[in-house]
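Because the structure is a prediction, the values reported are computed rather than measured. Chain identifiers are assigned alphabetically (A, B, ...) following the order of the sequence lines, protein sequences preceding nucleic acid strands; residue numbering begins at 1 within each chain.
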Number of protein chains: 2
Amino acid sequence: MNVRRATIADVARLAGVAASTASVVFSGKTPVSDATRARVVAAAEQLGYTGPDPRAASLRRGRSGIVGVVIGDRLQNAFRDPVTTVMLDGLAEGMAEQDAGLLLLRDGAESGEPGLRSAPADAFVLVGCSGRLADSLAAIRARGIPVVVIEGDAGEGVPQIRLDNREAQAVIARHVRDLGHERVALVTLQASVPPHAGWIAGGAPIAVDVTRDRLAGARDVFPDAPAFAAGASSIDQGYAAAEAVLAGPGPRPTAILAQSDLLAVGVIRAVQDAGMVVPDDVSVTGFDGVWVDGVAPLTLTTMVQPAAEKGRAAGAAISAMLAGAEPESMLLSSAFRPGNTTGPPPISRGEPASSV
Amino acid sequence: MNVRRATIADVARLAGVAASTASVVFSGKTPVSDATRARVVAAAEQLGYTGPDPRAASLRRGRSGIVGVVIGDRLQNAFRDPVTTVMLDGLAEGMAEQDAGLLLLRDGAESGEPGLRSAPADAFVLVGCSGRLADSLAAIRARGIPVVVIEGDAGEGVPQIRLDNREAQAVIARHVRDLGHERVALVTLQASVPPHAGWIAGGAPIAVDVTRDRLAGARDVFPDAPAFAAGASSIDQGYAAAEAVLAGPGPRPTAILAQSDLLAVGVIRAVQDAGMVVPDDVSVTGFDGVWVDGVAPLTLTTMVQPAAEKGRAAGAAISAMLAGAEPESMLLSSAFRPGNTTGPPPISRGEPASSV
DNA sequence: TTGTATGCGTTATCAG
DNA sequence: CTGATAACGCATACAA
């Protein structure tokens, strides 16, 4: 069973044709007479030849058909948030069309990790706001390989796939304002690297693009809304953040805007566990609009972002670059989707709005 | 910028040494004098040579340093359950030690999916109980490439990584029985392909190994416990299943054993939404013991399975095969972890136990 | 410690 | 439509 595997040369010899002809039978790049094709196919079958060795083929072609996807340090962190997985799924779909597979890479600064420096990839996709983004980018560019960044702070000349985060968050904020809410609190995504849960101070800089942009959008509508940064995009973190918000100083907010659906679910649960009803006592909004486990039977009021589309757009950008075309960045936009987690604020208990 | 990239030959020429010497400087396989090393490194830097072309290297070596991971049709389905992602993380870790990356492959029966048939992988890992497992297996074996199956029904001769599902489920069932429970219901994982939520009839065959084994373990302790199959391992499906169970015929169970933590969380929530308290009115157990989002502040009583270890074991099996050694299957075992979702059954309301 | 020679398995090119 | 030829870029056995 460990004899040398048959090569295309073996097949050609047995079929009585030239190796190049046999090759063409498999690649289909050039017309071949039915007769010879049949002979080659028969020979291949007889020898158990299942097609060209991908290693040799990629050397010859100068392409491996592999796209490297760089996600954070641990896969489980990257896959925790459904937005990421859906995006990845879109990417997989887009790359499958190009006949390319996804090579998962962690950007660990560790020892010999194969990673960026030695992976046989034709292109790379950097996803998320990894702290090491700059390093990764440098390593890849040194190799002269095309790269696309999804939702990250890449530099000049790198095509980026981004979302209209600020405007989108403003849209949903206006929805809340139009319902009559005035006391609103915000629960944001990770604001610093590494993440640290806590209130976001007035002038503090925010290290993560997405967080900063969405926060700005909310503040466009509610300039003074206090914001609490969660430690991660998860239900539990949303729960903890909401507890902090509800226990916070000043009058209790009548609406809480979360920067992700996962956080929103946590917020909802915390509100409920505090003995209040969503949306009667507190309205809650999310952001993402992908399927979130555990919301039922409620339906989240949220902004639907085209997560799968992000992946597909990255795929498109990559094929463009591979084809020698100019890489094009892309700005995708989100859509408002009403649910039943928002409603008018409860009747004010006699405190004039101006006292807030 | 699109001039031919420098090769090791260029570097060698500039450094005034032979190509093989330059090669050795990068691979480190043979001692090189400091002087020449320095010259080579300098030349490389000057030419912007960042190391050997992985494509050429893999052709020469006969290894690509890539392991293909075949997951279901859509990535998002595979990554929905934290057990899978944790396992994948363990696998990634194991493979990183072997200096190998993970190539994500979908087993879509689609058109020309590159996948199994043409991926430059040194080995494959099939994960989960994909319906197409047999096909995938055949395609891979035809290529003569090592393969490992995790938690799936592979045939003879294929190393498998499995869990002591039956015994583990029996352990937790005994815990529940020892607390005094007698009326117990089961919520199982997907029982058929494609999945269909509903009661599992007496003699009906169960298509999915994991489900069958855990069910058997529970029945070892509670032979007559009714079982409801969820449509997937998710909180929402667990919620729905529990609703069905609570509305089912006969007296209400005092304990519900779920086959996954995600299902258990859904069950808990359904129980609570029905106005009951966990564990006072109904005890609930899970299975998996990985971090589940949204359980807080409760702690699930569950069986902890070594999910990451499964991945690492697969990695070990692969390196063994790659090294020409005999592949070894592995049976991992789970550990009981008490939480606060189980307790003694509520005081019987006058119905003698024998009447159940 | 360094250099020489060879081939890994394909496929693009071009001439028949 | 088919065949001969020449790389693709590298790493190893072996000789020096």
Open item on the list: For a quick check, tell me whether the side chain of A/R60 and the base of C/dT10 share a donor-acceptor pair closer than 3.5 Å.
Closed with: no
TODO: To the nearest Å, give me how far apart CZ (B/R143) and P (C/dG9) are.
DONE: 14 Å
Task: Between P of D/dA7 and CZ of B/R5, the distance in whole Å - done: 21 Å
Task: Proximal nucleotide (of C/dT2, C/dT10, D/dC1) relative to the B/T30 side chain - done: C/dT2
Task: Distance, rounded to the nearest Å, where B/D53 contributes CG and C/dT10 contributes P - done: 18 Å
Task: Salt-bridge contact A/E151-A/K310 (side-chain N to carboxylate O under 4.0 Å) - done: yes
TODO: Please figure out whether B/P31 or B/A56 has its closest DNA chain C nucleotide nearer the 5' end.
DONE: B/P31
Task: Residue A/V17, side-chain heavy atoms: nucleotide from D/dG3, D/dA11, C/dT11 that is nearest - done: D/dG3
Task: B/A57 backbone acceptor or donor facing A/R55 side chain under 3.5 Å - done: no
Task: OP1 or OP2 of C/dT2 under 4.0 Å from side-chain N/O of B/T36 - done: yes
Task: Length of the line joining A/R39:CZ and D/dG3:P, which is rounded to integer Å - done: 8 Å
Open item on the list: Using whole Å, what does the distance between atom C1' of nucleotide D/dC8 and atom CZ of A/R63 come to?
Closed with: 14 Å
TODO: Under 4.0 Å between any heavy atoms, over every strand shown, what does B/S23 touch: base, sugar-phosphate, or nothing? Just pick one.
DONE: base
- [ ] Report yes or no: is there a donor-acceptor pair, N or O only, under 3.5 Å between the side chain of B/S20 and the base of C/dT4?
- [x] yes
Open item on the list: Under 4.0 Å, heavy atoms only, any strand: does A/F26 hit a base, just the sugar-phosphate, or nothing?
Closed with: nothing
Open item on the list: For a quick test of reading the model, state the closest non-hydrogen atom pair linking A/L105 to A/G68 and the distance between them.
Closed with: CD1-CA, 4.3 Å
Open item on the list: When you compare the side chains of B/S23 and B/S20, does any donor N or O come within less than 3.5 Å of an acceptor on the partner?
Closed with: no
- [ ] Go through the steps to decide whether B/E93 and B/R312 satisfy the test side-chain contact (heavy atoms from CB on, under 4.5 Å), and finish with yes or no.
- [x] CA-CA 7 Å; B/E93 213 170 290; B/R312 262 181 250 117; 3.7 Å; yes
Open item on the list: Quick check against the 3.5 Å criterion: does B/S319 have a side-chain atom that pairs as donor or acceptor with the backbone of B/G315?
Closed with: yes
Task: Base D/dA11 paired with B/S27 side chain (donor-acceptor, <3.5 Å) - done: no
Task: Euclidean distance, atom CZ of residue B/R61 to atom P of D/dC10 [Å, nearest integer] - done: 12 Å
TODO: Examine D/dC8: is either OP1 or OP2 under 4.0 Å from a nitrogen or oxygen in the side chain of A/S58? Give yes or no.
DONE: no
Open item on the list: Can you identify which nucleotide, out of C/dA12, C/dT11, D/dA11, has its nearest atom closest to the A/K29 side chain?
Closed with: C/dA12
Task: Length of the CG-P vector between A/L59 and C/dC8, whole Å - done: 13 Å
Open item on the list: For C/dG9 and A/T7 - does any side-chain N or O of the residue sit under 4.0 Å from the phosphate oxygens OP1/OP2?
Closed with: no
Open item on the list: If I take atom CZ in residue B/R55 and atom P in nucleotide C/dT10, what distance separates them, rounded to the nearest angstrom?
Closed with: 17 Å
TODO: Using a heavy-atom cut-off of under 4.0 Å over every strand shown, decide if A/V24 touches base, sugar-phosphate, or nothing.
DONE: nothing
